[in-house]
Each structure stands twice: as C-alpha cells, then as structure tokens.
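Here is how names work: the chains are called A, B, and so on, in the same order as the sequence lines, proteins then strands, and each is numbered from 1. Remember, predicted model here, so these are calculated numbers, not experimental data.
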Number of protein chains: 2
Amino acid sequence: MEPTVVAGREALLASLERLARERGLANVGLREVARDAGLSHAAPAHFFGSREGMLRALAGEGLRLLYEDVCEAQEAPGAVGRERLVVDALAFVRFALAHPAHFDAVFRTPAALRGDAQFEARRAEALGSLRELVELVRAEGGLGPDADIDTVVLQHWALSHGVASLAIDGMLGPDGDPAIAEAAERIVRGHVAGLP
Amino acid sequence: MEPTVVAGREALLASLERLARERGLANVGLREVARDAGLSHAAPAHFFGSREGMLRALAGEGLRLLYEDVCEAQEAPGAVGRERLVVDALAFVRFALAHPAHFDAVFRTPAALRGDAQFEARRAEALGSLRELVELVRAEGGLGPDADIDTVVLQHWALSHGVASLAIDGMLGPDGDPAIAEAAERIVRGHVAGLP
DNA sequence: TGATGTGGTTGACGTTGTCAAGTAGGCTGG
DNA sequence: CCAGCCTACTTGACAACGTCAACCACATCA
C-alpha cells in the first residue's frame, strides 16, 4: 500500500520543482521549499545536506526523466535511419519545455555539479547512449560511411541543447504556443538533413 | 585624464565578474562584491537598485562585448561566403570561454531578464544582425537560393549556443585545453558544411 | 549663499543557509 | 520485554545576506 502523503524527501523535490518553474531555480529558498512542503525549515538540510545537495538531487531526477523520455520516444515505431535523430532531438526539446526546472538543474547550473562523480557518470552514460544511437543510424544506412561519429554526436548534442535553450527562453515564440514545436522541428530537420 | 581608480560602478561590475568566474554567478553575494571592490555593503544597491539590477547590468555589458567580438572577427579578411558562418560561430564560442560570467548573465539567467525592454531590444538586434549576415552569405553564393533564411538563422544560433555551452561546461575537454577549440571547430565546420 | 545633485556610508530589519542538539516512533537482537 | 539503534524529522541559535531609510561630503551652478 503506497501512502497518499509522499515521503518528505519527495515532497520537498516536488515543491522545489513547482516553485522553480514559476520563479527560476536561483530564486527559490530552502526554507520556502520546506514551508511549501509543510515541513520544518531544516528538513531540506536533513535530507540533502545543503542547498547544493538539493539541486544535485533535482538534477539527478532530471537526468533520469530525460533518459526515460528519450528511450520511450525511440521505441515508438516508424523512425529508422536518419529520422531517429529527429525523434531524439525533439524528445529532448519536449523534455526541456515540459520540465524547465529539471532542465535548468541538469544543464544550466553546472557549478553545483562539477566534480560530482555520480552525476558525471550519468552524463557520460547519456552521451554514450547517444553515440550508440548514432552508430545504429549509420548501420541502418542513414549516415555516410565516412562520417566521423564523434563529430556527429557532438554536433547533434550541441544542436539539441541549443534548440532546447532557445525554446525555453521564449525565442521561438510565446510560452505554450504550438509555433515553438513547429519551429523546433524545422530547425532540427534542417540540421539532420545536412548531416554527412 | 582617466582616473587610475575606476568609478565605483565599474569596480563593482569588475569584482562581480571576477568572483563569478570562480564560483558561478549564483554564488556571489552583493556584500561580497562590495567588499571585493572596497566599498560599503550597500554600494551595489545604490548603483543598481537591487541584485537583479546588478545582474542586468552585467548582462548588458556582456551583450555589448559579444557584439564587439563578433563584429571584429567578421571584419578580418579572408572569410567570404559560407566561411563567414564558421567565423561567426567560433567567435561566439571564444567569447563564451573568455567571459563565462558574462555569458551566464546573458544566456543562462533568463529569469532576471524577462520583460526587460532594453535587454530584449538588444537581443533582437543581435538576432537581426545575424540574419543580415546570413543574407550576405546567400548573396555571396554561399547558400543555395532556396534555403529558408529564418531556419538557417535559428539553426546557426542554436548550434553556436549549444557548442558554447558544451565548451563552458567542460564537455569538450578540460579547462584551458586547446582541444576544446579544435573540437568546437570540427563541430561548427560539420554543421556549416551541411547547410542547404 | 543656498539649492541640487552625485557618490557614496551607516545602521537596522527581516530572511536565509547551516549546524548542533534534541525527540518521537519503528525495528531488531537478546 | 526492553535496550539499543536507525530513520525522519524538529527546535533553536548564528552569522551572513538583500533591502531600505537616513545621513554625509563634496561639487556645480543659479
């Protein structure tokens, strides 16, 4: 029987996410999060050790969510060869738009994460699985045989990251506008079409 | 006669930049900046009104610096057609590596900037001048006549932004390693080569 | 001479992140 | 049955923080 009231740790992370979504990660306080979750002011320190630890926890959750989203998108039928990269990049963008606070914690708050072995390992794993995807695409004939895999991987990662940032920062259209997704798709397709 | 001791305002911005470079923008305090600049704890509030105001001032300076760097790179001889886009992107990456605090303020602290008319205007201007660059490239025959200018502009902006983020976050190699610049160049060239 | 800025300072207020210490309840071995 | 330990917090204190009102010294100019 799962409890209807979530454990304190998760309640705190949920509150953090909710508040960060409105105000930006940098502008939410530990005590505020604790208040919002109905706990005492020192509860965050109890679970996460420090503010930095709490952000790290959110980043870990974010990386897990992102990985799930991307895998799920990849498993949908109909995308083979080069199209797989379109699916991958658009899943990344969708994740950024759906979980801006998590995205911020993972990709835009690097100072707190530097040197965290677990986080670096997971990030390396994410890059590794992207490399596998690119290799699969090549095996399926979607990439020229002389394409440099590492360059394609980094190029694709950079473009996905860039489009996601543009989308989050409102440079592809006002918040919630479907034009954002359309612009993102145009950009991504343009990019994928240009791969060697 | 310019004074050897800069005015308080600029001393504060310089201190903010120096401290943020070591610790990340989010982890420097107003009072700390004031101390570092040799001023009283309330000096930042006097000049910038609030913490947010101070970050806005840094972002404004950053946008100006970026604009100068890119223009200067573009004026160097030898780059015509498609090569202009390589020069542009690499200037962007160099700026990010040389001024990480400014880059953070401009591109990774959007909450503080939302709704600031002056900042939005300058950002729109930056995008506009990128558009002009792309149009020039097409006029020089560097782009197919049926290329969609807007998509190319956004694609280029996204990739430049992404590569810069990768570089700053240490994903192209350890800090200061010349391999970073080499990787960035490979990625950018791969991207530009794929444009329609 | 006096008004008006400009470029700051001082001091106070409420709030924040962190830490040491305490507490309440559940589990486990003897 | 109960002592000991673990988990999941709370309480209270501290220094540091951002902001604000008030003040000060000097320059400019009518």
Per the under-4.0 Å heavy-atom filter, residues of residues 13-25 of chain B near DNA chain C come out as none

SB check Arg56(B) Asp116(B) (cutoff 4.0 Å): yes

I need the Leu159(B) CG to Gln155(B) CD distance, nearest 0.5 Å. 8.0 Å

In whole angstrom, give the distance that lies between atom CG of Leu12(A) and atom C1' of dT10(D). 13 Å

Check Arg138(B) with Glu135(B), please: is the shortest side-chain N to carboxylate O separation under 4.0 Å? no

Cationic N near anionic O, under 4.0 Å, Arg123(A) to Glu120(A): yes

Expressed in angstrom and rounded to an integer, what is the separation of Met54(B) atom CE from dT19(D) atom C1'? 15 Å

Using the rule that two of Ile, Leu, Val, Met, Phe, Trp, Tyr join whenever any of their side-chain heavy atoms come within less than 4.5 Å, decide whether Val86(B) and Leu154(B) are in one cluster. yes

Residues Arg186(B) and Glu182(B) bridged, charged N to O under 4.0 Å: no

For Glu185(B), give me all partners under side-chain hydrogen bond (donor to acceptor under 3.5 Å, both in side chains), at least two apart in sequence or on another chain. Arg189(B)

Going 5' to 3' through nucleotides 4-18 of chain C and flagging B where a protein heavy-atom sits under 4.0 Å of the base, S where only the sugar-phosphate is that close, and - otherwise, we get ---BBBBBB---BBB

Check this for me: does any side-chain nitrogen of one of Arg108(A) and Asp169(A) sit under 4.0 Å from a carboxylate oxygen of the other? yes

